[in-house]
> 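Take this structure first; my questions come after.
For ligands, and for the atoms within them, numbers begin at 1 and follow the listed sequence. This is a predicted model, so every value here is computed, not measured.
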Amino acid sequence: MEKKIPYKIYLEEQEMPRQWYNVRADMKKKPAPILNPGTLEPITFEELSGIFCEELARQELDENTRYFDIPEEIRNFYKMYRPSPLVRAYCLEEKLDTPAHIYYKFEGNNTSGSHKLNSAIAQVYYGKKQGLKGVTTETGAGQWGTALSMACSYFGLDCQVFMVKCSYEQKPFRREVMRTYGAKVTPSPSMETKVGRKMNEEFPGTTGSLGCAISEAVEAALSQEGYRYVLGSVLAQVLLHQSIIGLETKAALDKYGIRPHMIIGCAGGGSNLGGLISPFAGEILRGEADYKLIAVEPASCPSLTRGVYAYDFCDTGKVCPLAKMYTLGSSFIPSANHAGGLRYHGMSSTVSELYAQGLIEARSVEQIEVFKAAETFARIEGILPAPESSHAIKAAIDEAIQCRESGEEKNIVFGLTGTGYFDLTAYQKYNDGEMEDYVPTDEQLRQSICGLPKVEIE
Ligand SMILES: *Cc1c(COP(=O)(O)O)cnc(C)c1O
């Protein structure tokens, strides 16, 4: 008997997952180990815990523990904005005249406006427990810095954010949210670190890049007693924390006996996608079920669809561990025309390995069509989506239209990672018809890819 599915499927507070799920535990072939940038050998716990706090270094290196308990302090924080709703997009279905059923997991209902708070609060908690004074990080578009500053103010840790200079100037409101939560926000490249001074000297007037801001943040952490560096995506520990998205989604679907045919997520560094699909990928890996898992990335920064699967640096300054991932090369800088986030050159090594094993498929989309999808969604579903999230919306709409043509009643689930209130400059460009598509040429990609480090490990 089918229950009538409500517009919003809410889980009760006590139904919120008590453990995070580590999909690596169910992978027969594991993601390749991360390497020490100095020795190019697999990094040890001791080395890693110089950069990250100990519990996070442990989580990063643990590929066998299937479930990690979510500490009560973190659960209590989660309860302020979780469980997040799984929404049945009835209105969008009607508008598209599709027999498909569309669901989206909405992670934008907290002040940071995205899923990033799920990991920020966990990372800051472990830092606090270890007795740290503070943490440093980088932020590009600003969501991660905002999430981290919220988490730090909650647990009383100092928060230092290196914000890519062009965002610092273009997104003054994000900057002010971070400062309101007590964070120190520095435009990157800055004159406060060696890496930053070198960049400013070599490229006067540069507006910065994510890779450079990462290097500055790591240097700042290493040069201050009681500080560690934290990162909002890409890492295995971040995917672990973000698995709460997928676990809740699965619990909500199970509650109504809904079996998804496909699960779609946008992919920058791979954390929301990895977290959303983890429990479903686990079922595929254990031979229990089959789903189509789809990663959607911008055509201007196409790491899965046009990158190579190789070891690469995670940052421009080459101070972070190396990861084997689909990458465009750490020197790749997406066009300044590219409006949304998702501009990271690489991809989570777990997502990369799942893609290499054929569990995930990937597609890339151009930004004007992404904003068109965002507009359709905003006008009918009432939420102004983040440009990043709109990549997933675009793919979901495409799939729903295919169902209209084939008459198939498929269940489509996608991750709506956040809201777009701070992205109105991009929306303005779109509304004024001034937005442009940009796709790097093969030659441009070849140049940044040929700079990859030579690593002999397998
Ligand atoms: C950061 C961000 C993303 C992309 O990051 P992933 O690590 O790939 O998930 C997507 N959507 C929003 C709203 C974000 O803030």
> Does any N/O atom on Leu273 come nearer than 3.5 Å to any N/O atom on ligand 1?
no
> When you measure from atom 8 (O) of ligand 1 to every protein heavy atom, which one gives the shortest distance, and what is it?
Gly268 N, 2.7 Å
> Strictly by modelled atom types, are Gln444 and Asp442 linked by a side-chain donor-acceptor pair under 3.5 Å?
no
> Can you figure out which of Gln242, Arg343, Lys116, Glu388 has its heavy atom closest to atom 2 (C) of ligand 1?
Lys116
> Any chance the rings of Phe280 and Tyr291 have centres within less than 6.0 Å?
yes
> Would Lys318 and Ser330 count as having a side-chain donor-acceptor pair, cut-off 3.5 Å?
no
> As an exercise, identify every atom of ligand 1 less than 4.0 angstrom from a heavy atom of Ser114.
13 (C), 15 (O)
> Which bit of Ser271 is near ligand 1, meaning a heavy atom under 4.0 Å away: side chain, backbone, both or neither?
both
> So, for Ser215 and Val319, which heavy atoms are closest and what is the spacing to 0.1 Å?
CA-CG2, 4.0 Å
> Run the contact test for His115 against ligand 1 with a 4.0 Å cut-off on heavy atoms, strictly below, and give the result.
yes
> Among all protein non-hydrogen atoms, which one is nearest to atom 7 (O) of ligand 1, and what is the separation to 0.1 Å?
Ser233 OG, 2.4 Å
> Regarding Gln19 and Asp69, is there a side-chain donor-to-acceptor distance under 3.5 Å anywhere?
yes
> Specify the protein heavy atom at minimum distance from atom 13 (C) of ligand 1: its residue, its atom name, and the distance to 0.1 Å.
Thr417 OG1, 3.3 Å
> Are Phe377 and Tyr104 near enough that their ring centres are under 6.0 Å apart?
yes
> If the threshold is 4.0 Å, N to carboxylate O, is there a salt bridge linking Lys250 and Glu283?
yes
> For atom 4 (C) of ligand 1, what is the nearest protein heavy atom, given as residue, atom name and distance?
Leu342 CD2, 3.5 Å
> Any atoms of ligand 1 less than 4.0 Å from a non-hydrogen atom of Cys266? List them with their elements.
10 (C)
